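Working notes, beginning with the structure itself.
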There are 2 protein chains.
Amino acid sequence: MDSPRTTETGTRNRTRRAILRAAASVLARQRTATLADIARAAEVNRSTVHRYFADRDDLIRAAVDDSVEAIGRSVEEAGIHEGPAAEAMRRLVLAHLNVGDRLMFLFGDRHTMRRYGVVEPEKPPPDPMIDLIERGQADGVFDPDLDPQWIQHVLWSLVYAGIEEVDRGRMSRHSVAATVVRTLENGIRTRPR
Amino acid sequence: MDSPRTTETGTRNRTRRAILRAAASVLARQRTATLADIARAAEVNRSTVHRYFADRDDLIRAAVDDSVEAIGRSVEEAGIHEGPAAEAMRRLVLAHLNVGDRLMFLFGDRHTMRRYGVVEPEKPPPDPMIDLIERGQADGVFDPDLDPQWIQHVLWSLVYAGIEEVDRGRMSRHSVAATVVRTLENGIRTRPR
DNA sequence: CTACTGTGCGACATCAGTGTCGCATATTGA
DNA sequence: TCAATATGCGACACTGATGTCGCACAGTAG
């Protein structure tokens with residue numbers, strides 16, 4: 001579907017995807033990981049990685065593209081242009097939590113995006129997020145005094161923090177979404193009722 | 001004062017500190033930066049780095065220790081055990097923003113802390129932060145339904161996001177503290193007045 | 001069952017980064 | 001001013017990671 005090599009067999013496609021997922025996952029946690037590390041995580045031989053990707057740079061670039069697509073799809077499936085802004089924001093948080101590894105990989109080190117990926121003017125996550133935020137601000141649901149891009153970055157930061165909590169076993173995948181949403185909406189101050 | 005080599009001359013001390021600061025700053029933004037990159041940022045020759053640190057590992061370890069100390073000092077100067085919890089939290093945010101590079105260096109890649117630094121049970125930033133959060137929760141100022149450690153991570157995440165905004169020139173150092181505090185306290189939802 | 005595709009294995013060459021070294025020069029402190 | 005300290009420079013050796021290659025075997029599709 002999204003693979004540039006759509007004439008690939010199912011077997012090759014699966015191997016390629018396993019390598020890309022492993023690359024994002026391993027590099028998200030250790031930027032200096034070797035090709036051997038990635039191959040191990042993908043459960044293939046190092047030479048197999050070379051059969052799919054010309055070199056290390058090629059692999060990382062492909063992993064960046066793949067991650068951008070995975071995040072884009074997850075965000076699209078959240079359908080944030082529909083429904084009340086607060087509900088849509090909650091679906092957005094879930095969508096991001098579902099692609100936690102890719103987010104950590106893409107944004108954990110700004111060098112990755114600068115060297116391998118989309119250039120700054122093109123925002124990897126699509127404008128619909130900013131649209132949602134602006135819609136919510138117009139509706140009086142989101143704080144109009146906060147810059148929409150800042151809100152977007154806050155969202156990512158909290159999702160990121162949530163993913164790390166889950167990774168460390170300090171929070172369940174089930175409870176993290178609620179906690180992230182609660183903190184995103186209310187902050188840490190006790191909300192007067 | 002805190003340098004293990006207190007018999008060092010002022011010149012040597014200054015050179016050592018320049019290298020450590022450059023290490024934290026450069027590695028915060030590019031985990032795979034070389035010793036040559038760090039030396040360039042410190043405005044010394046690469047061989048000079050070797051005169052101060054046995055090898056790359058030694059330098060990174062020293063940079064971790066130095067960063068932990070710098071953050072600890074900044075947090076200590078915030079005097080968060082004094083005054084109302086909300087005020088103390090604001091000073092804490094400022095304290096963290098003041099050591100932004102070190103935070104990005106230490107926590108931008110979990111591998112750094114795991115391999116070079118303090119082990120998990122010893123929390124690099126001191127317990128007083130958790131004490132402050134619990135104090136605020138007891139006083140009804142902070143949300144008692146949020147885990148104190150989660151609140152601490154949220155604080156770091158937002159500080160981190162703020163530092164990146166400043167780095168990208170999208171926010172001034174002056175306004176970032178207010179924005180971080182506002183978002184930390186209120187979240188993104190419009191707060192009813 | 002067979003032919004084709006895909007992969008593991010391991011050896012080998014290359015290369016970027018690191019670590020070492022000695023010398024000349026710059027800087028600093030007495 | 002001079003001696004001691006600090007540093008830049010660049011050459012060189014070493015090391016780990018990468019990239020290439022060919023062969024044998026595993027897996028898959030017809």
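Throughout, a chain's letter reflects where its sequence line sits, starting with A, and its residues are numbered from 1. Keep in mind that this is a model prediction, so the values were computed, not measured.
- One side chain, A:W150 or B:T183, offers a donor N or O that lies under 3.5 Å from an acceptor on the other.
- Computed from coordinates, the A:F53 CZ to D:dT20 C1' distance equals 18 Å when rounded to whole Å.
- Atom CZ of B:R56 is separated from atom C1' of D:dG16 by 13 Å (rounded to the nearest Å).
- One atom, CG of A:D58, and another, C1' of D:dA17, lie 17 Å apart when rounded to the nearest Å.
- Defining each end axis of the helix from C:dC1-D:dG30 to C:dA30-D:dT1 as the rotation carrying four pairs' C1' atoms onto the next four, with five pairs an end, the two axes are found to diverge by 40° to 10 degrees.
- Comparing B:A36 and B:R14 along DNA chain C, the residue whose closest nucleotide (by nearest heavy atom) sits nearer the 5' end is B:A36.
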Between the protein and nucleotides 6-13 of chain C, which nitrogen or oxygen pairs come in under 3.5 angstrom?
residue, atom, partner, partner atom, Å
C:dG6, OP1, A:T9, OG1, 3.2
C:dT7, OP1, A:T15, OG1, 2.4
C:dT7, OP1, A:Y52, OH, 3.3
C:dT7, OP2, A:Y52, OH, 2.7
C:dG8, OP1, A:N45, N, 3.3
C:dG8, OP2, A:N45, N, 2.8
C:dG8, OP2, A:T48, OG1, 2.2
C:dG8, N7, A:R51, NH1, 3.3
C:dG8, O6, A:R51, NH2, 2.5
C:dC9, OP2, A:N45, ND2, 3.4
C:dC9, N4, A:S47, OG, 2.9

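- Atom pair A:L59:CG and D:dG19:P shows a separation of 10 Å (rounding to whole Å applied).
- Sorted by first and then second residue, the pairs that involve residues 92-104 of chain A and meet salt bridge (Lys or Arg N to Asp or Glu O under 4.0 Å), not counting sequence neighbours, are A:R29-A:D101, A:D66-A:R102.
- Put simply, CG on A:D37 is 12 Å from C1' on D:dG16, counting in whole angstrom units.
- In terms of the salt bridge (charged side-chain N to carboxylate O under 4.0 Å, His left out) criterion, A:E76 has no residue partners (sequence neighbours excluded).
- Remark: side-chain polar atoms of B:S25 are not paired, donor with acceptor, to backbone N or O of B:R21 under 3.5 angstrom.
- Straight-line distance from the CG atom of A:D55 to the C1' atom of D:dT18: 9 Å, rounded to whole Å.
- Applying the side-chain hydrogen bond (donor to acceptor under 3.5 Å, both in side chains) rule to pairs touching residues 83-93 of chain B yields B:E87-B:R90, B:R90-B:E185, sequence neighbours excluded.
- Panel note: side chain B:S157, backbone A:L158; no donor-acceptor pair is recorded below 3.5 Å.
- With no hydrogens or angles considered, a side-chain donor-acceptor pair links A:E165 and B:H153 at under 3.5 Å.
- Applying the salt bridge (charged side-chain N to carboxylate O under 4.0 Å, His left out) criterion to B:D37, with sequence neighbours excluded, gives B:R40.
- Under a hydrophobic clustering in which Ile, Leu, Val, Met, Phe, Trp and Tyr are joined whenever their side-chain heavy atoms come within less than 4.5 Å, directly or via other members, A:W156 and A:V99 fall into the same cluster.
- Taking atom CG on A:L35 and atom C1' on D:dT20, their separation rounds to 13 Å, with Å as the unit.
- The distance from atom CG of A:D57 to atom C1' of D:dA17 is 13 Å, rounded to the nearest whole Å.
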